[in-house]
Chemist: 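Pasting in a structure now, in structure tokens, and then I'll have a few things to ask.
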Amino acid sequence: MNHDIPALRALAVSLATSAGDLIRERRPDRATVADTKTSATDPVTEMDRSIEEYLVAEILRARPDDAVLGEEGNDVAGTSGLTWVIDPIDGTVNYLYGIASFAVSVAVVVGPPHPEWWTVLAGCVHDVVTGRTWSAGCGQGAGANGVPLTPVAPAPLSSCLTGTGFGYDSARRARQAQVLTKVLPRVRDIRRLGSAAVDLCLLAEGTLDLYYERGLNPWDMAAGSLIAAENGAEVVGLRGTKASGEMTVAGRGPAVRELLNILEAADADRD
Ligand code: IPD
Ligand code: CA
């Protein structure tokens with residue numbers, strides 16, 4: 001089936017940026033935790049909830065036959081085979097603490113809405129603090145603020161500024177810390193910026209050279225993985241698998257294989 005990818009991309013951009021406007025408008029001086037999810041340190045704020053509700057309503061208004069999968073659970077079934085995979089605030093801890101680097105992530109996928117089976121058709125990540133807006137359409141390249149991204153040259157592993165992130169579960173974090181001891185001595189440095197969606201966009205434009213993380217949810221990675229891939233990055237999992245919650249690695253050139261070797265030797269895809 002043919003999909004109008006430019007139109008889907010334009011809708012993703014309009015949804016993510018209008019949600020960003022609402023967050024900027026409604027943001028209290030100090031956000032508070034409304035609830036917790038997978039662990040006591042996995043917060044939900046009223047803003048996460050209200051922005052997801054806003055996005056679901058706007059998606060259904062524009063595309064009544066599509067399904068929606070959202071971080072806060074306002075899922076909707078559809079009949080078209082397309083699913084909007086949305087994260088109202090990726091980087092909720094940053095939002096809570098008033099630290100820059102949190103974003104709205106909106107993507108539309110065809111196929112089961114899981115990274116192992118989906119094809120991401122279009123996506124947008126809108127950084128709420130800087131206003132920077134990355135987007136991509138499948139097979140149509142990636143851009144930021146409406147300007148196509150330029151090609152990025154690969155860097156040797158030892159020069160790679162490497163983004164990563166950690167889960168909310170304490171046992172998972174202990175493993176991630178062990179894995180980090182194998183990666184950190186081999187790369188330029190590590191950045192844990194706090195939004196996987198933004199990390200993938202920074203990797204796309206070459207601000208980060210490499211990225212890896214275990215434990216991403218579909219909404220953390222849907223838009224960012226397309227944006228990175230559409231600007232020439234490899235986005236993969238370990239041991240020949242597709243990028244997924246098991247492990248997502250993104251980068252360019254031989255450094256990707258070298259990082260995969262380190263992560264595979266460390267069993268970084270196992271808790
Ligand atoms: C989290 C962020 C973080 C990543 C976590 C995600 P949230 O999403 O993307 O950078 O390390 O794995 O869960 O909870 O802020 O929406
Ligand atoms: Ca998220």
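Just so we're clear, the structure is a prediction, and the values are computed from it rather than from any experiment. Read the numbers this way: they start at 1 and go in the same order the structure lists the ligands and their atoms.
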Chemist: Going by chain and residue number, what protein N/O/S atoms come nearer than 3.0 Å to the Ca ion (ligand 2)?
Modeler: Asp87 OD2, Asp90 OD1, Asp220 OD1
Chemist: Can you give me every donor-acceptor pair (side chain of residues 247-257, partner residue at least two apart or in another chain, under 3.5 Å) with its distance?
Modeler:
from, atom 1, to, atom 2, distance (Å)
Thr248, OG1, Ser244, N, 3.4
Thr248, OG1, Ser244, O, 3.0
Arg252, NH1, Leu203, O, 3.0
Arg252, NH2, Ala204, O, 2.8
Arg252, NH2, Asn231, O, 3.1
Arg257, NE, Asn261, OD1, 3.1
Arg257, NH2, Asn261, OD1, 2.9
Arg257, NH2, Glu264, OE1, 3.0
Arg257, NH2, Glu264, OE2, 3.3

Chemist: Between Gln178 and Arg175, is there a side-chain donor-acceptor contact under 3.5 Å, judged purely by atom types and distance?
Modeler: yes
Chemist: Given a heavy-atom cut-off of 4.0 Å, could you list the residues near ligand 1 in chain and number order?
Modeler: Glu71, Asp87, Ile89, Asp90, Gly91, Thr92, Gly165, Phe166, Tyr168, Arg192, Gly194, Ser195, Ala196, Glu213, Asp220
Chemist: Below 4.0 angstrom, N of the basic side chain to O of the carboxylate: do Asp199 and Arg191 qualify?
Modeler: no
Chemist: For the pair Ser105 and Asp90, evaluate side chain to side chain donor-acceptor pair (under 3.5 Å) and give the outcome as yes or no after the intermediate values.
Modeler: CA-CA 7 Å; Ser105 178; Asp90 186 52; over 6 Å; no
Chemist: Is a salt bridge present between Glu246 and Arg270, judged by a nitrogen-to-oxygen distance below 4.0 Å?
Modeler: no
Chemist: On the six-membered ring of Tyr54, is Arg49 placed so that its NZ or CZ lies under 6.0 angstrom from the centre and within 45° of the ring axis?
Modeler: no
Chemist: For Ser80 and Asp66, which I'm curious about, is there any donor-acceptor pair between the side chains at under 3.5 Å?
Modeler: yes
Chemist: Return the CG to CZ distance between Leu8 and Arg63, rounded to the nearest 0.5 Å.
Modeler: 5.0 Å
Chemist: Partners of Arg172 by salt bridge (Lys or Arg N to Asp or Glu O under 4.0 Å), sequence neighbours excluded?
Modeler: Asp271
